[in-house]
Novice: 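Just dropping this structure here.
Only a predicted model underlies this, so the values are computations on that prediction, with no experimental measurement involved. So that the names make sense, note that chain A is the first sequence line, chain B the second, and so on, each numbered from 1.
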Number of protein chains: 2
Amino acid sequence: MRVLGVDPGLTRCGIGVVDGVAGRRLTMAGVGVIRTPVEAEIPERLVLIERGLEEWLDEHRPEAVAVERVFSQHNVRTVMGTAQASAVAMLCAARRGLPVALHTPSEVKAAVTGSGRAEKAQVGAMVTRLLGLSAAPKPADAADALALAVCHIWRGPAQNRLQQAVAAQQATPAPQYRRKGTV
Amino acid sequence: MRVLGVDPGLTRCGIGVVDGVAGRRLTMAGVGVIRTPVEAEIPERLVLIERGLEEWLDEHRPEAVAVERVFSQHNVRTVMGTAQASAVAMLCAARRGLPVALHTPSEVKAAVTGSGRAEKAQVGAMVTRLLGLSAAPKPADAADALALAVCHIWRGPAQNRLQQAVAAQQATPAPQYRRKGTV
């Protein structure tokens with residue numbers, strides 16, 4: 001399967017495309033960064049990010065998109081821009097009918113390094129090794145986007161099974177004690 | 001001028017369209033809410049919001065779009081959804097080349113009630129009076145969107161002058177003491 005990973009950001013939006021399946025060797029299909037000028041207005045920057053994402057999606061035709069999950073608790077100053085860029089990424093993917101998965105930074109780190117607290121350099125080193133690259137992709141946003149795609153290929157099936165189980169559970173009739181209560 | 005106000009939200013995205021100029025009587029051209037199902041995935045909800053906004057923009061052809069400015073400090077639980085919906089609103093407007101203005105909730109309240117700390121009901125009452133409506137628009141998100149549009153019509157020119165002044169200031173050569181430093 002081909003996954004396009006997005007490390008969302010207004011100034012630098014990392015993009016990484018990875019081919020492969022869990023348990024097999026993974027290969028990089030593309031990596032880069034969508035940049036928007038810091039001095040531009042937010043709406044204009046979102047349009048530039050949308051345009052860049054559309055080009056990546058047109059060129060690489062991924063089967064799924066993995067976006068870093070943004071937490072409002074962290075980095076209060078930059079979280080709004082990150083949330084806005086991630087909204088555009090989710091929108092572009094869903095508009096094409098592509099499945100979108102969100103992975104937290106610690107899930108991504110744990111997937112590629114074995115530790116959810118790994119540092120940037122460690123993530124870059126493992127991405128380089130796992131994809132058989134000659135050097136770590138730069139900037140870090142590009143490497144992080146590749147790590148997201150790798151994480152999605154490895155975690156995807158298990159996460160999907162979990163989501164399906166939760167959905168099935170929620171679709172079952174109300175439990176016995178509640179039905180008694182309404183008699 | 002015609003302004004489309006957006007009170008962004010994933011579950012209820014308020015929309016209000018107002019015609020008029022500062023100092024003249026304002027009229028409402030349209031009001032409503034774009035709703036998305038709580039149980040849907042975020043990417044799908046963003047697509048629904050985009051589709052709804054496109055319909056409003058197609059039908060009402062505003063000359064400007066005013067969106068509530070989201071602060072990361074407030075309502076930590078819902079702020080991400082609000083930021084995502086507001087990103088879609090900014091994107092839809094900017095893609096059409098429409099100017100987008102952000103106003104804070106307290107700016108909007110101050111514009112329509114005279115107090116930045118006014119309660120919801122007071123905003124609704126003033127919107128009803130200012131636009132000559134027979135009753136306050138419901139839900140509150142719809143009334144807030146109208147208040148945003150009113151605020152933009154009243155504040156717009158002053159804010160634009162301020163922004164132009166700031167831009168002109170930033171475009172001027174570096175001040176004397178910096179030029180001396182580089183000799």
Novice: What residue, out of A94(B), C92(B), P43(B), has the most heavy-atom pairs lying under 4.5 Å from chain A?
Specialist: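 Sorted descending by pairs with chain A, the first entry is P43(B).
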Novice: Determine, using the 4.5 Å side-chain heavy-atom cutoff (strictly less than), whether V67(B) and L148(B) are members of one ILVMFWY cluster.
Specialist: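 In one cluster: no.
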Novice: V108(A), V31(A): one ILVMFWY side-chain cluster at the under-4.5 Å cut-off?
Specialist: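 V108(A) and V31(A): separate clusters.
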Novice: Name the member of A87(A), P99(A), S86(A) that forms the most heavy-atom pairs with chain B at distances under 4.5 Å.
Specialist: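 Winner by heavy-atom pair count: A87(A).
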Novice: Using side-chain heavy atoms (C-beta onward) and a distance below 4.5 Å, is V100(A) in contact with E41(B)?
Specialist: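 No, every pair of side-chain atoms sits at 4.5 Å or beyond.
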Novice: Can you tell me how far CZ of R95(B) sits from CD of E44(A), rounded to the nearest 0.5 angstrom?
Specialist: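 Spacing of CD (E44(A)) from CZ (R95(B)) equals 12.5 Å.
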Novice: My understanding is that only one of V88(A), I42(A), V47(A) makes a side chain to side chain contact (heavy atoms under 4.5 Å, CB included) with M90(B); could you say which?
Specialist: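 The option that passes is I42(A).
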Novice: Below 4.5 Å from any heavy atom of chain B, which atoms of A93(A) appear? Answer side chain, backbone, both or neither.
Specialist: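 Answer is neither: A93(A) stays 4.5 Å or more from chain B.
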Novice: Got a second to check how far L91(A)'s CG is from L48(B)'s CG, nearest 0.5 Å?
Specialist: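 Rounded to the nearest 0.5 Å, the CG-CG separation comes out at 10.5 Å.
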Novice: If hydrophobic clusters are built from ILVMFWY residues whose side chains come within less than 4.5 Å, do I15(B) and V33(B) share one?
Specialist: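 No, because I15(B) and V33(B) fall into different hydrophobic clusters, even though each may have its own neighbours under 4.5 Å.
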Novice: Report, as yes or no, whether the 6.0 Å neighbourhood of atom CD on E119(B) holds more than 12 heavy atoms from other residues, nucleotides or ligands.
Specialist: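 No, because the 6.0 Å sphere around CD of E119(B) holds 12 heavy atoms or fewer from other groups.
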Novice: Is the number of heavy atoms from other residues, nucleotides or ligands within 6.0 Å of CZ (R96(B)) greater than 12?
Specialist: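 Above 12, so yes.
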